[in-house]
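One structure is given here, and the rest of the page talks about it.
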Number of protein chains: 2
Amino acid sequence: MDDTTATPPGALRIDPSHRDVLDQVLDKWSVSILDQLCERPCRFNVLRREIPGITQKSLTATLRRLERNGIVERRVVADRPVAVEYRISDLGKTLREPVDVVLAWVTTHQARIDRARREFDDATEAAGA
Amino acid sequence: MDDTTATPPGALRIDPSHRDVLDQVLDKWSVSILDQLCERPCRFNVLRREIPGITQKSLTATLRRLERNGIVERRVVADRPVAVEYRISDLGKTLREPVDVVLAWVTTHQARIDRARREFDDATEAAGA
DNA sequence: CAGTATCCCTGTCGATACTG
DNA sequence: CAGTATCGACAGGGATACTG
């Protein structure tokens with residue numbers, strides 16, 4: 001059945017600038033940071049602790065990139081012992097829904113993807129052997 | 001204000017396996033291939049032509065990965081002069097909507113993102129100078 | 001506390017050449 | 001036509017050390 005999944009006429013096509021935005025905003029660590037900052041504003045080391053596996057370097061780089069793209073806001077709270085707070089921007093809030101849609105897709109289809117992978121790997125191995 | 005930015009109760013959190021799927025399925029070339037195959041099944045060199053900038057190597061690698069994840073199906077059509085057809089799978093069709101949601105987000109907010117980038121770059125440059 | 005600076009390693013990507 | 005094989009260039013990411 002060529003059901004209604006069939007490509008809607010107005011289907012979107014990707015172009016390099018789209019790619020560029022996706023790379024900057026949906027990369028390895030951005031989604032985790034987004035998750036965290038959607039819950040509450042956070043200081044640097046809180047984010048560091050809440051996101052297992054991330055290094056200072058990657059955290060700094062990702063925060064900078066998200067800040068540059070207007071997704072998060074950086075704000076110096078105190079300066080004696082320096083304190084910096086990151087919070088989600090209004091633009092960033094709008095990103096949450098699309099990301100959740102994608103994550104929901106992953107969750108929904110994960111079992112099927114895993115199965116596909118196993119079958120592929122088995123078939124490949126069998127052929128290769 | 002500790003407003004209603006407040007995470008909706010059911011908000012999704014990312015985990016490593018989600019990350020892994022996103023990397024395999026929303027990477028540099030996958031979306032373009034998805035776009036193309038959602039329109040019609042294609043042969044290797046047709047895809048190659050339709051997707052500007054992609055190399056054989058990347059096309060092969062991306063198609064294999066998508067095939068492994070059950071997103072596209074590979075099918076040998078003829079074998080005298082070898083002909084191979086790639087088509088979107090049922091699972092792949094379900095990926096289209098989430099991807100379109102993300103692309104729609106990019107399209108909607110691109111101007112704002114561009115502006116944010118310029119402002120950030122200007123501010124950074126001013127500070128750096 | 002919140003970074004910056006450096007080194008190094010690995011994976012990725014493109015270009016090129018070759019094959020069934 | 002549809003790939004595979006190989007190589008060199010390069011960016012991303014981690015570990016470590018240092019700083020205002």
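First the proteins, then the strands, lettered A, B, ... as listed; each starts at 1.
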Length of the line joining [X]:[atom1] and [N]:[atom2], which is rounded to integer Å:
X: A:Phe44; N: C:dT4; atom1: CZ; atom2: C1'; value: 10 Å
X: B:Arg48; N: C:dG14; atom1: CZ; atom2: P; value: 11 Å
X: A:Arg80; N: C:dC1; atom1: CZ; atom2: P; value: 14 Å
X: B:Asp20; N: C:dG11; atom1: CG; atom2: C1'; value: 15 Å
X: A:Arg75; N: C:dA2; atom1: CZ; atom2: P; value: 13 Å
X: B:Lys28; N: D:dG12; atom1: NZ; atom2: P; value: 11 Å
X: B:Arg49; N: D:dA2; atom1: CZ; atom2: P; value: 9 Å
X: B:Gln56; N: C:dG20; atom1: CD; atom2: C1'; value: 16 Å

Check your understanding: B:Ser30 and side-chain contact (heavy atoms from CB on, under 4.5 Å): which partner among B:Thr62, B:Val99, B:Leu63?
Key -> B:Thr62
Nearest to the side chain of [X], heavy atoms from C-beta on, is which of [options]?
X: A:Thr55; options: D:dA15, D:dC1, D:dG3; result: D:dA15
X: B:Lys57; options: D:dC7, D:dA2, C:dA2; result: D:dC7
X: B:Asn45; options: C:dG14, D:dC1, C:dA17; result: D:dC1

Practice item. Answer yes when A:Glu85 and A:Arg87 have at least one side-chain N-carboxylate O distance shorter than 4.0 Å, and no when they do not. Key: yes
Does [X] make a side-chain N or O approach to OP1 or OP2 of [N] shorter than 4.0 Å?
X: A:Arg74; N: C:dA2; result: no
X: A:Arg64; N: C:dT4; result: yes
X: B:Ser58; N: C:dG14; result: yes
X: B:Tyr86; N: D:dG3; result: yes

**Study point:** Side chains of B:Ser17 and B:Asp20, donor plus acceptor under 3.5 Å
**Key:** no
Exercise for review: Answer with yes or no whether the side chains of B:Arg13 and A:Gln36 bring together a donor and an acceptor at under 3.5 Å.
Suggested key: yes
Point to revise | First of B:Pro81 and A:Trp29 reached from the 5' end of DNA chain D, by closest nucleotide | key: B:Pro81
Point to revise | Non-hydrogen side-chain atoms of B:Phe44 and B:Val84 separated by less than 4.5 Å | key: no
Study note, to complete from the structure: In Watson-Crick or G-U wobble terms, with both distances under 3.5 Å, the base opposite C:dT6 is D:dA15
**Study point:** Base-pairing mate for C:dC13 - Watson-Crick or G-U, with both contacts under 3.5 Å
**Key:** D:dG8
Check your understanding: What nucleic acid atoms does A:Arg43 come within less than 4.0 Å of, heavy atoms only: base, sugar-phosphate, or nothing?
Key -> sugar-phosphate
Practice item. Would you mind classifying the nucleic acid contact of B:Val82 as base, sugar-phosphate or nothing, using non-hydrogen atoms under 4.0 angstrom? Key: base
